[in-house]
Amino acid sequence: MNRIVICAAVLVGLLAGPAMAETLKAAPDAPVWLHWGAAALLWAHIGGGTLGMISGATAILSPKGKTVHRAAGKVFFAAMFTTYAVGAGVAPFLTEGQRPNFVAGILALYLLITAFQAARRRDPKVGWIEYAGLAAALAIVAAGGLFMWQGANAPSGTVDGSPPQAFALFIIAGVFAAAGEVHVILRRSITGVSRISRHLWRMCMSLFIASGSFFLGQQQLLPKAMVGTFWQFAPVVFPLLAILIWLVVEHLPRKKAA
C-alpha cells in the first residue's frame, strides 16, 4: 500500500511539473503524453469529487454499520482520496497562487485518512499514526494563522485570492483535530462512542470541504438559476448538520438489554 501511494505521488509530480498553467493543462507545445496525463489527472479529480459527494451523502443517510453504509463509505474514501491527492499534488505546480488549495487538500486528506482508520482499525492502541496526525493538525493550524496574518497585511487583502476570514476553517478544524489526537494519546486508546465520533465528524468535515470547494468555490460551473439559492448552499450545510445530529445521537443514553 505504501509503495502504491508513493508511486502515485511521484506520477502526479512528473505530470504536473511541466503543466504550468492557471488550471491543470499542459502547454500547447508539450508532448502528447503530457496532454493525456494532465487530462487524466483533471478528470480523476473531477470524477472522484463527483462520486465522492454522492457516496458521502449516501453513507450519511444510510443506517450506520449496515451494508449500504459500509459500501458507500469505501467508495467515498477511494473517490475522495483520489480527488484530494490530485488536488494537493498539483496545486504547487500551477502558476496561479494555490497555497490555500494545497493546505485545504492536505487537511481534507488528513481528515479522510484518520476517519477511515478510526472505523477500520482493529487495534485501538496508540501508535505513530496518532503522533503523525497531531503534527499534521498543528501544521494546519499554523498555516491557517499564517495565511490570516498575510492576508490582513497584503495590499490585496487576500492570500492568492482568498480573504483572511476563509482560513478560520483551517484553524478551527485543525484545533479540533489536534485535540482529538491529544485525547487519544493521553488515554492510550480509543474505543466505543469516542471512536465512532472521531470517525463521523472527520468524514463529514472532509465532505464539507469537498462540497464547499465545488458549490461555493466553483459556482461559475453551476446553472445560473441555482446560484444564490437554497440548492447551492444546502449541499455545503448538509455535512455540518450531519456532524451535529450524529454526534448528539451517538451520545444519547442507550437502554441496556434486558
Side-chain angles (χ1 to χ4, degrees), residues 1 43-87 104-105 107-124 129 133 169 172-173 176-177 180-181 183-184 189-218 221-223 226 229-257:
M1 182 63 180
W43 284 107
H45 181 70
I46 295 172
T50 302
L51 181 59
M53 285 188 285
I54 295 173
S55 58
T58 302
I60 289 174
L61 295 173
S62 60
K64 301 299 171 281
K66 303 301 182 181
T67 302
V68 173
H69 174 77
R70 292 178 181 275
K74 291 177 181 178
V75 173
F76 175 77
F77 175 80
M80 283 307 187
F81 184 89
T82 301
T83 294
Y84 295 147
V86 171
L107 170 61
L109 264 177
Y110 159 69
L111 293 173
L112 179 72
I113 293 171
T114 53
F116 193 71
Q117 176 256 353
R120 294 182 58 85
R121 192 174 176 188
R122 295 292 182 263
D123 181 7
I129 294 177
L169 172 64
I172 294 172
F176 273 99
E181 304 296 1
H183 173 76
V184 175
S189 68
I190 180 168
T191 57
V193 174
S194 295
R195 184 178 69 86
I196 299 301
S197 298
R198 177 184 175 93
H199 167 71
L200 289 173
W201 89 261
R202 290 170 185 246
M203 276 291 195
C204 290
M205 182 59 69
S206 183
L207 177 59
F208 166 74
I209 294 173
S211 300
S213 297
F214 177 71
F215 287 97
L216 301 183
Q218 301 292 329
L221 301 177
L222 300 175
M226 184 178 180
T229 68
F230 168 84
W231 300 109
Q232 179 187 5
F233 297 101
V236 181
V237 177
F238 171 67
L240 297 180
L241 290 178
I243 292 175
L244 297 176
I245 293 172
W246 281 111
L247 288 182
V248 169
V249 169
E250 286 299 320
H251 284 82
L252 287 176
R254 287 174 170 75
K255 293 182 179 179
K256 294 182 179 180

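- Taken to the nearest 0.5 Å, the CG atom of Leu112 stands 10.5 Å off from the CG atom of Leu207.
- Nearest approach of Cys204 to Ala242, heavy atoms of both residues: SG-CB, 4.0 Å.
- Side-chain contact between Phe116 and Met80 is absent, with no heavy atoms from C-beta onward closer than 4.5 Å.
- His183 has its side chain within reach of Ser194: a pair of non-hydrogen atoms, C-beta onward, lies under 4.5 Å apart.
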Verdict with reasoning, Met205 to Leu169, per side chain to side chain contact (heavy atoms under 4.5 Å, CB included):
CA-CA 10 Å; Met205 182 59 69; Leu169 172 64; 4.2 Å; yes

Which is it for Trp246 and Ile196 under the side chain to side chain contact (heavy atoms under 4.5 Å, CB included) test, yes or no, and what are the steps along the way?
CA-CA 10 Å; Trp246 281 111; Ile196 299 301; over 6 Å; no

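- Contact of the Ile209 side chain with the Leu111 side chain is registered, since non-hydrogen atoms from C-beta on lie closer than 4.5 Å.
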Could you walk me through whether Tyr110 and Arg202 satisfy the side chain to side chain contact (heavy atoms under 4.5 Å, CB included) test, starting with their C-alpha distance in whole Å, then the side-chain angles of each, then the deciding distance to 0.1 Å, before giving a yes or no?
CA-CA 9 Å; Tyr110 159 69; Arg202 290 170 185 246; 3.1 Å; yes

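- Heavy-atom neighbours of Phe214 CZ from other residues, nucleotides or ligands within 6.0 Å: above the threshold of 12.
- Considering CZ of Phe76 and CG of Leu51, their distance stands at 10.5 Å, rounded to 0.5 Å.
- How far CH2 of Trp201 is from CG of Leu244: 12.5 Å, rounded to the nearest 0.5 Å.
- Closest non-hydrogen pair, Ala118 versus Arg195, comes out as O-NH1, 2.8 Å.
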Residues Leu61, Phe238; criterion side chain to side chain contact (heavy atoms under 4.5 Å, CB included); working and verdict:
CA-CA 11 Å; Leu61 295 173; Phe238 171 67; 3.9 Å; yes

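- Ring geometry for His69 versus His199: interplanar angle over 60°, hence perpendicular rather than tilted (30 to 60°).
- Between atom OG of residue Ser213 and atom OH of residue Tyr84 there is a gap of 7.0 Å, rounded to the nearest 0.5 Å.
- For the atom pair CE of Met53 and OG1 of Thr58, the computed distance is 12.5 Å after rounding to the nearest 0.5 Å.
- Nearest heavy-atom pair across Ser62 and Ala59 is OG-O, 3.2 Å.
- A distance-only check finds no donor-acceptor pair linking the side chain of Ser211 to the backbone of Phe208 [under 3.5 Å].
- Counting non-hydrogen atoms of neighbouring residues, nucleotides and ligands closer than 6.0 angstrom, the NZ atom of Lys64 exceeds 12 such neighbours.
- The distance from the CD1 atom of Ile245 to the CG atom of Leu200 is 12.0 Å, given to the nearest 0.5 Å.
- In this structure, Arg120 and Arg70 have side chains that are not in contact, with every pair of non-hydrogen atoms separated by 4.5 Å or more.
- In terms of heavy atoms, Ala79 sits closest to Gly48 at CB-O, 3.3 Å.
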